[in-house]
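The structure appears below as structure tokens.
In what follows, chains are A, B, ... by sequence order, proteins preceding strands, each numbered from 1. In this text, all values refer to a predicted model and were calculated from it rather than measured experimentally.
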Amino acid sequence: MNLILTDRSLPFLCAAENDTEYIDLTKQHIHNCVGCFGCWIKTPGRCVIRDDAVRIYPKIAAAERLLYVSRVCMGGYDVPMKTLLERAIPVQKAFIRLVEGETHHYQRAVLPKTATIFAYGTHDSEERELFCDIVARNARNMNFTKHKVIFTEEEFLETAVREEVASWQRS
Amino acid sequence: MAKILIVNASPRAPRSNSAKYAALFARACKKPTEYVALPASGDAGAVGSFDDCDALLLTFPLYADSIPVKLLRFLQSLAQTPIRHKPAVSVLVNCGFLEHDQNNCAVRQIQLFCKEYGYPFGSVLKIGSGEAILDTPFRFLVKRKIARFARAVSQNKAAAFAVTMPLTKRMFLRASTKYWLTKGAENGLDYAAMNTDAIEGN
């Protein structure tokens, strides 16, 4: 399954192929994680906050190919994407293992996946470098086997995403 | 005397480790401090006045490898807030992993904010194994480091500190498993229940 998450509306994606699901985060109701650890120590794998996030993070886990579209803010994901990623903690277990010599949480049923991140809203080279470093760290925690970050202007976003999705259908 | 404003940006602010670290900081600091638990909105206006503060201490946990979204909202709000005298921004960040360097990206985010919006960057304390260290015999290491950090912040120095449990990785894995099993047992869960691969029941 392919999953596309965007922080701005890209209506052309509604017509994507059957094995591709598109979720526009601007149309979802997702509360902040409250840091209760309930998804680890009370109801493992389930968030106690029953909003739209509980429908989305299982799809992140099940996807074999991810595409994120996010504005960059303070060198990281902007609020809509970051809010969702923080709420995706139920896909991990409380228990810790070594990944490439570093301590990280075990994953539940999270498929290995490739990820493409379209990042817009920054021209600053330091901010771009930081964003790439954060995505690289997320890769270790979200079972990304391969990932790439593509910086683009907001006005060219639609074209860039369209080309990427078309390349999936060719491959 | 100007104060140090401590802003706790933890998602579970009142019951957080960040609150405990903030309390240790306030106790160790020679200057007056004021503590604020950031609301979920991150509204800078809710924090109060910055006029009589010469240092701002942000205390928070690492969240998905970067700053928590509540803190992101706060920085966005602060960027839009006209402040005559911009205080130096210091950082006390903790993560549950053994390696305190896993906090580096979060620290760089705050440094980037400071650079972009004209705030001096002060000192930083990175804590590894921060979820549990205060409940272990290694608590004294944190207290000692916080005392040095508090001195640097109150003297407006730019200094970097770090602390974690002095354990091998293997020992840490065993200790962390025991820690989480104890937490699960408080809710009647055993290892098998906590270790489920199911997400939302599937």
Side-chain angles (χ1 to χ4, degrees), chain A residues 31-47 54-55 57-58 60-62 73-80 82-83 85-86 88-91 93-98 101-110 124 126-127 129-130 133-138 140-142, chain B residues 10-13 15-16 40 42 61 63-73 75-76 79 96-99 101-102 104-106 108-113 115-116 128-129 131 169-170 172-173 176-177 179-181 183-189 191 193-202:
Chain A
H31 294 93
N32 285 2
C33 174
V34 294
C36 67
F37 293 137
C39 57
W40 290 348
I41 61 169
K42 280 186 186 160
T43 55
R46 278 171 62 87
C47 181
V54 304
R55 197 174 45 80
Y57 60 70
I60 296 177
C73 182
M74 316 292 172
Y77 292 106
D78 202 356
V79 168
K82 186 62 175 32
T83 305
L85 295 180
E86 291 185 3
I89 286 174
V91 309
K93 301 175 185 180
F95 304 121
I96 292 177
R97 60 179 171 166
L98 289 180
E102 254 186 6
T103 53
H104 290 275
H105 289 284
Y106 277 96
Q107 310 278 302
R108 301 191 194 279
V110 178
D124 183 86
E126 185 183 347
E127 186 168 34
E129 188 183 331
L130 175 54
D133 289 347
I134 288 174
V135 173
R137 296 208 63 76
N138 285 167
R140 292 182 177 199
N141 290 316
M142 294 301 284
Chain B
S10 168
R12 51 174 174 156
R15 298 169 292 113
S16 63
Y63 238 73
D65 304 300
S66 51
I67 61 173
V69 76
K70 191 199 267 192
L71 179 54
L72 179 61
R73 288 179 194 271
L75 295 178
Q76 288 176 336
F97 305 113
L98 182 62
E99 304 85 7
D101 279 348
Q102 290 209 37
N104 285 353
C105 284
R108 286 165 63 197
Q109 286 187 277
I110 306 300
Q111 288 169 328
L112 192 70
F113 165 82
K115 187 175 153 192
E116 193 165 339
S129 58
E131 174 61 27
K169 299 209 178 198
R170 294 281 164 209
F172 177 76
L173 295 185
S176 69
T177 300
Y179 174 83
W180 287 112
L181 282 173
K183 295 276 179 193
E186 288 167 9
N187 298 302
L189 297 182
Y191 177 80
M194 293 176 73
N195 198 41
T196 178
D197 282 333
I199 297 167
E200 287 294 319
N202 295 307

Under 4.5 Å from a heavy atom of chain A, the part of F172(B) involved: side chain

Spacing of C105(B) atom SG and I134(A) atom CD1 [to the nearest 0.5 Å]: 5.0 Å

Chain B contact via N138(A) - which portion, at a heavy-atom distance below 4.5 Å: both

Minimum-distance pair of heavy atoms, taken over all atoms of A94(A) and M194(B): CB-CE, 4.3 Å

Side chain / backbone / both / neither for Q76(B) at chain A, heavy atoms under 4.5 Å: both

Side chain / backbone / both / neither for R55(A) at chain B, heavy atoms under 4.5 Å: neither

Atom group of D124(A) that falls short of 4.5 Å from chain B, counting heavy atoms: side chain

Ring geometry between H105(A) and W180(B) (parallel below 30°, tilted from 30 to 60°, perpendicular above 60°): perpendicular

Heavy-atom closest contact (A198(B) atom, R108(A) atom, distance): O-CD, 3.4 Å

Over 12 foreign heavy atoms within 6.0 Å of NZ, K169(B): yes

For R108(B), the option from E129(A), E126(A), E127(A) that meets side-chain contact (heavy atoms from CB on, under 4.5 Å): E129(A)

Per-residue contact mode, Y77(A) against chain B (heavy atom under 4.5 angstrom): backbone

Which atoms of K93(A) approach chain B - backbone, side chain, both or neither, heavy atom under 4.5 Å: side chain

